[in-house]
A.B. asks: 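If you scroll down you'll find the structure; I have some questions about it.
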Amino acid sequence: MSQREPILNVPGIVSLLCGAMILIHAVRQYVLDEDADREVLLTFAFIPARFEGSIAGTFFPGGVAGDIWTFVTYAFLHADWTHLGLNVLWFLVFGSAVARRFGAGRTLLFFIATAAAGALGHLAAVGTAFVPVIGASGAVSGFTAAALRFVFEMGGPLGAMRANGEEAYRMPALRLVDMVRNGPVMGMVVVWVIVNVAFGAMSLPMPGFEGQIAWQAHLAGFAAGLLLFRFFDPVRDEVLPA
């Protein structure tokens, strides 16, 4: 069995999440009409105006339950196929690495946590304005940050003297304080910033409203991925940051 095989085999939980994103977008594009799609966006996109204090904030579908679920459901909605494709491809790479380390259950919870963190970052940045946000970029950014904690470490999947098979994904993680001194890791951070400048801060139209994919959600998701990693990591011999 080739040592490269684990990189080529996508974990089931990653396939499931990517499949859900693709299926939802396909239904929106090819099954729903414009009015129905607008209703989906109003119901499942993250819209900070839901939390506006006046009666205007109570008009959104889903009520209080919608106020909660939209912190995650927005991640499964995308502006177009290009937006979806970029998120899926990025998640296949970094989400797969993290999923092999975390396992399915932790991976799903980590997706929920980083998506919610992205929504919170957007809410903090825009207040209760009617500025909807959609897309998995916040969660994908969180998985990118989590992967950077271990993939370049000695014996890790992209590190020197890579271990065999799944053992490559069980190497002790890099401490947060040491990340700034690690060339490959900081190189990836620079790439991530460039990608966000190129795509994340661009205004992408949402059918039915004026909206954009928020770069604030990307930053918040990335920060959450770095900080929450230690609470999800099952590799207990990790040297944890102070």
Side-chain angles (χ1 to χ4, degrees), residues 3-4 6-7 9-11 13-14 17 72 75 87 89-122 124-125 136-197 200 215-242:
Q3 289 186 2
R4 300 177 65 183
I7 295 177
N9 290 337
V10 178
I13 186 61
V14 174
L17 290 169
V72 177
N87 275 336
L89 288 174
W90 201 263
F91 188 56
L92 285 174
V93 175
F94 293 100
S96 293
V98 174
R100 291 191 185 98
R101 185 179 182 98
F102 282 5
R106 286 186 176 91
T107 297
L108 180 59
L109 291 175
F110 194 71
F111 185 93
I112 292 170
T114 50
L120 281 171
H122 181 65
S137 300
V140 172
S141 296
F143 277 84
T144 302
L148 293 181
R149 294 288 301 269
F150 66 91
V151 293
F152 290 112
E153 284 294 87
M154 182 73 69
L158 298 179
M161 301 180 65
R162 183 188 172 211
N164 293 329
E166 295 298 320
E167 288 303 311
Y169 299 91
R170 310 293 295 179
M171 294 296 109
L174 185 68
R175 299 189 307 161
L176 280 176
V177 294
D178 293 331
M179 290 186 71
V180 295
R181 297 194 291 266
N182 188 298
V185 169
M186 290 309 298
M188 283 300 305
V189 171
V190 170
V191 170
W192 181 85
V193 170
I194 291 173
V195 169
N196 276 270
V197 168
W215 60 268
Q216 299 95 329
H218 300 191
L219 293 177
F222 191 85
L226 287 177
L227 297 175
L228 295 178
F229 176 87
R230 63 180 294 179
F231 301 106
F232 288 84
D233 189 18
V235 182
R236 299 327 307 169
D237 59 345
E238 176 192 14
V239 179
L240 296 177

A.B. asks: Could you state the interatomic distance from CG (Asp233) to CZ (Phe150), rounded to the nearest 0.5 Å?
C.D. replies: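 These two atoms lie 8.0 Å from each other.
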A.B. asks: Is there a donor-acceptor contact under 3.5 Å from the side chain of Arg170 to the main chain of Arg101?
C.D. replies: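 Checked: pair present.
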A.B. asks: Going by side-chain hydrogen bond (donor to acceptor under 3.5 Å, both in side chains), name the residues that satisfy it together with Thr107, two or more places apart in sequence or in a different chain.
C.D. replies: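 So Thr107 forms no side-chain hydrogen bond (donor to acceptor under 3.5 Å, both in side chains) with any residue.
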A.B. asks: Tell me if a side-chain donor or acceptor on Arg149 pairs with a main-chain N or O of Leu226 at a distance below 3.5 Å.
C.D. replies: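 Yes: the side chain of Arg149 pairs with the backbone of Leu226.
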A.B. asks: Tell me, please, which residues at least two apart from Val93 pass side-chain contact (heavy atoms from CB on, under 4.5 Å).
C.D. replies: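 Val93 satisfies side-chain contact (heavy atoms from CB on, under 4.5 Å) with no other residue.
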A.B. asks: Can you find a heavy atom in the side chain of Phe110 that is under 4.5 Å from one in the side chain of Phe231?
C.D. replies: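 In short, these two side chains do not touch, never coming nearer than 4.5 Å.
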A.B. asks: Once side-chain hydrogen bond (donor to acceptor under 3.5 Å, both in side chains) is applied, do any residues pair with Ser141, and if so which ones, sequence neighbours excluded?
C.D. replies: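 Per chain and number, Ser141 pairs via side-chain hydrogen bond (donor to acceptor under 3.5 Å, both in side chains) with Trp192.
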A.B. asks: Measuring from Leu174:CG to Phe152:CZ, what's the distance to the nearest 0.5 Å?
C.D. replies: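 One finds 10.5 Å between CG of Leu174 and CZ of Phe152.
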A.B. asks: Kindly write out the residues that satisfy side-chain contact (heavy atoms from CB on, under 4.5 Å) with Ala223, not counting sequence neighbours, or none if the list is empty.
C.D. replies: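 None.
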A.B. asks: Listed by chain and number, what are the ring-ring contact (aromatic ring centres under 6.0 Å, His included) partners of Phe91, not counting sequence neighbours?
C.D. replies: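 With neighbours one apart ignored, the set is Phe111, Phe143.
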A.B. asks: For a side chain to side chain contact (heavy atoms under 4.5 Å, CB included) check, start with the C-alpha distance between Leu108 and Leu17, then their side-chain angles and the critical distance, and finish with the verdict.
C.D. replies: CA-CA 9 Å; Leu108 180 59; Leu17 290 169; 4.2 Å; yes
A.B. asks: Might you point out which heavy atoms bring His218 and Ser137 nearest each other, and give the distance in Å?
C.D. replies: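 His218 and Ser137 have their closest heavy atoms at NE2-CB, 2.9 Å.
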A.B. asks: Measure the spacing between CG of Leu227 and OG1 of Thr114 and express it to the nearest 0.5 Å.
C.D. replies: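 Nearest 0.5 Å value for the CG-OG1 distance: 12.5 Å.
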A.B. asks: Which atom names give the shortest non-hydrogen contact between Ala220 and Gly118, and what distance separates them?
C.D. replies: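 Distance-wise, the nearest heavy atoms are CB-CA, 4.0 Å.
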A.B. asks: Under 3.5 Å, sequence neighbours excluded: what are the donor-acceptor pairs made by side chains of residues 180-189?
C.D. replies:
| from | atom 1 | to | atom 2 | distance (Å) |
| --- | --- | --- | --- | --- |
| Arg181 | NH2 | Asp178 | OD1 | 2.4 |
| Asn182 | OD1 | Val185 | N | 3.1 |

A.B. asks: Measuring only between side-chain heavy atoms, which start at C-beta, is Val140 closer than 4.5 Å to Phe222?
C.D. replies: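 No, too far: nothing below the 4.5 Å cut-off.
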A.B. asks: Please name the pair of heavy atoms, one in Phe229 and one in Ala146, separated by the smallest distance, quoted to 0.1 Å.
C.D. replies: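 Distance-wise, the nearest heavy atoms are CE1-O, 3.6 Å.
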A.B. asks: Hey, does Glu153 have a side-chain heavy atom less than 4.5 Å from the side chain of Pro172?
C.D. replies: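 Sidechains of Glu153 and Pro172: no contact.
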A.B. asks: Looking at every heavy atom in both Ile13 and Ala99, which two are closest together, and how far apart are they?
C.D. replies: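 Looking at all heavy atoms of both residues, the shortest contact is CG2-CB, 3.9 Å.
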A.B. asks: Measure the spacing between OG of Ser96 and OH of Tyr169 and express it to the nearest 0.5 Å.
C.D. replies: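 Reported to 0.5 Å precision, the distance equals 8.0 Å.
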